[in-house]
2 protein chains.
Amino acid sequence: MNTDRPEEALMALAQSFREALRQSVYVMRRLDSEEQLSAAQLGVLKMALDGGARVGAIARNLGVKVPSATEQIIKLERAGLVKREADPDDSRAVRVVATPAGHAAIENADRRRNEYIAGILGTLSEEERDSIAAALPVFDKINNSFQN
Amino acid sequence: MNTDRPEEALMALAQSFREALRQSVYVMRRLDSEEQLSAAQLGVLKMALDGGARVGAIARNLGVKVPSATEQIIKLERAGLVKREADPDDSRAVRVVATPAGHAAIENADRRRNEYIAGILGTLSEEERDSIAAALPVFDKINNSFQN
DNA sequence: CCTAACTGTTAGGATACCTAACTATGAACA
DNA sequence: TGTTCATAGTTAGGTATCCTAACAGTTAGG
């Protein structure tokens, strides 16, 4: 495994996997286009829930650079969904915290999107759903390989 | 199944699925950032291979509107990887065809990306790879639900 | 023919991301 | 204690991708 010249089977699997990734991007765009909060903003908001999160942590979680996170945070702030506060332990840092309106917004956005997806999952067979359920943790593992 | 109020389990699966989608977008960005051809351009190029494809078909395949496809096609054309020709059957239409340089480029780009992914898949256990392989067709089925 | 439908291109605008440069704070150490 | 280096965010400027609207040319139906 994991040699310089991956075997045929591994390459074929990689190819299919890549196709799934490509489609996922498309699906996410569709999902986003019907909502007010973008996926990135939803991600920020989620991290801002319990006690808030620092800008750098948010950026890392979203897989973007700090200025890109700042940009989304500012939009959410203008929309009244989060507020920025000084970190009591480190005055260089900024804690992003969800406002009550932010809490409400995230619940709505999350539920709507989940219902949309659940509607589609509902059309699958039990078996198909099981295979998805089994694969998701592995997906997660793979995706985490890219965090570097 | 597929009721107005999806069950708990379905909603939970939808939530995890959505998380995987989100991560996929991130992974695709990473993968793209190390290459010269963007994923969208690679998609155009692939369709331009055998006998070429019409602009509208390319747009549909990529999940974007026609002007967005045109934009990518123009870039590839300027790079010498495709050429645009009149469709013999319908003079309104344009066929996008890969040049020899385009053929070469796609092979390189595809192989490099597959090797990268294969390298990661190689670190998984046999079982994990099997669960991915089993899920990919279902992913495909789900993703096709969005083609509307 | 003449109009309606279709295929693409062009123009203009929005969004999200990036790098580089800057400010301010913290931490290490002589 | 004071200098220096590292860290946290913001701001400025630029790029890529997508979109809608308006347009030109072609096809097809009545």
Side-chain angles (χ1 to χ4, degrees), chain A residues 22 24-45 47-48 52-79 82-97 146, chain B residues 22 24-45 47-48 52-79 82-97 146:
Chain A
R22 190 176 81 83
S24 299
V25 172
Y26 169 45
V27 169
M28 275 299 275
R29 251 202 317 261
R30 286 275 144 162
L31 217 49
D32 262 28
S33 71
E34 323 203 335
E35 297 286 337
Q36 286 166 347
L37 257 52
S38 73
Q41 287 167 353
L42 195 50
V44 172
L45 209 40
M47 290 199 70
R54 292 167 58 147
V55 176
I58 290 174
R60 235 169 295 122
N61 179 262
L62 296 182
V64 298
K65 301 297 178 188
V66 171
S68 303
T70 297
E71 199 175 330
Q72 298 305 331
I73 291 164
I74 289 175
K75 282 185 187 166
L76 289 172
E77 194 174 37
R78 279 207 270 263
V82 302
K83 55 187 197 299
R84 283 190 282 187
E85 335 182 310
D87 188 311
D89 302 334
D90 183 343
S91 344
R92 291 172 304 179
V94 170
R95 296 205 73 79
V96 180
V97 188
F146 290 88
Chain B
R22 189 174 81 84
S24 298
V25 172
Y26 169 45
V27 169
M28 275 300 275
R29 250 201 319 260
R30 287 275 144 163
L31 217 48
D32 263 28
S33 71
E34 322 203 336
E35 298 286 337
Q36 286 165 348
L37 256 53
S38 73
Q41 288 167 352
L42 196 50
V44 172
L45 210 40
M47 291 198 70
R54 293 166 57 145
V55 176
I58 291 173
R60 236 170 295 122
N61 179 262
L62 296 182
V64 299
K65 302 297 178 187
V66 171
S68 303
T70 296
E71 199 175 333
Q72 298 304 330
I73 292 164
I74 289 174
K75 282 184 188 168
L76 289 172
E77 195 174 37
R78 278 206 270 263
V82 303
K83 54 187 197 301
R84 283 189 282 187
E85 334 182 312
D87 188 311
D89 302 334
D90 183 343
S91 343
R92 292 172 302 180
V94 170
R95 296 205 72 79
V96 180
V97 188
F146 289 88

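Proteins come first, then strands; the chains are lettered A, B, ... in the order of their sequence lines, and each starts at number 1.
Side chain of A:Arg95 to main chain of A:Gly52: a donor-acceptor pair is present (N/O by atom type, distance under 3.5 Å, no hydrogens or angles).
Residue contacts shown for B:Ser33 are absent, as no nucleic acid heavy atom lies under 4.0 Å away. Within the nucleic acid shown, A:Val55 comes within 4.0 Å of sugar-phosphate atoms alone, with no base atom in reach, counting heavy atoms only. Within the 4.0 angstrom heavy-atom criterion, base atoms lie near A:Glu71.
Take A:Arg92 and apply the salt bridge (charged side-chain N to carboxylate O under 4.0 Å, His left out) test, not counting sequence neighbours, and it matches A:Asp90. When the salt bridge (charged side-chain N to carboxylate O under 4.0 Å, His left out) test is applied to B:Lys65, no partner is found at least two apart in sequence or on another chain.
C:dT15 atom C1' lies 13 Å from atom CZ of A:Arg78, rounded to whole Å. Rounded to whole Å, atom P of C:dC18 lies 10 Å from atom CG of A:Leu62. Rounded to whole Å, the distance from CD1 on B:Ile58 to C1' on C:dG8 is 12 Å. For the pair B:Arg54 CZ and C:dG8 C1', the interatomic distance rounds to 10 Å; values are reported in whole Å. Following rounding to the nearest Å, B:Ile73 (CD1) and C:dT7 (C1') show an atom-to-atom distance of 12 Å.
For the pair A:Ser68 and C:dA16, the criterion of a side-chain N or O lying under 4.0 Å from OP1 or OP2 is not met. The phosphate of C:dA16 (OP1 or OP2) has a side-chain N or O of A:Lys75 nearer than 4.0 angstrom.
Side-chain contact check for B:Leu62 versus B:Met47: every heavy-atom pair is 4.5 Å or farther apart.
Extent of DNA chain D lying under 4.0 Å from chain B heavy atoms, first and last nucleotide in 5' to 3' order, is D:dA16 to D:dT27.
Side-chain atoms of A:Lys65 lie closest to C:dT19 of the nucleotides C:dC17, C:dT19, C:dT9.
Taken from CE in A:Met28 to CG in A:Leu31, the straight-line distance is 6.5 Å, to the nearest 0.5 Å.
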Let me see the working for A:Tyr26 and A:Arg22 under side-chain contact (heavy atoms from CB on, under 4.5 Å), right down to the final yes or no.
CA-CA 7 Å; A:Tyr26 169 45; A:Arg22 190 176 81 83; over 6 Å; no
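Within residues 82-94 of chain A, the residues having any heavy atom under 4.0 Å from DNA chain C are, by residue number, A:Asp90, A:Ser91, A:Arg92.
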Enumerate donor-acceptor pairs with a distance under 3.5 Å from any side-chain N or O in residues 67-76 of chain A to protein atoms, sequence neighbours excluded.
from: A:Thr70; atom 1: OG1; to: A:Val66; atom 2: O; distance (Å): 3.2
from: A:Gln72; atom 1: OE1; to: A:Gln41; atom 2: NE2; distance (Å): 3.1

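For the helix from C:dC1-D:dG30 to C:dA30-D:dT1, the rotation axes defined at the first and last 5 base pairs enclose an angle of 10°, given to the nearest 10°.
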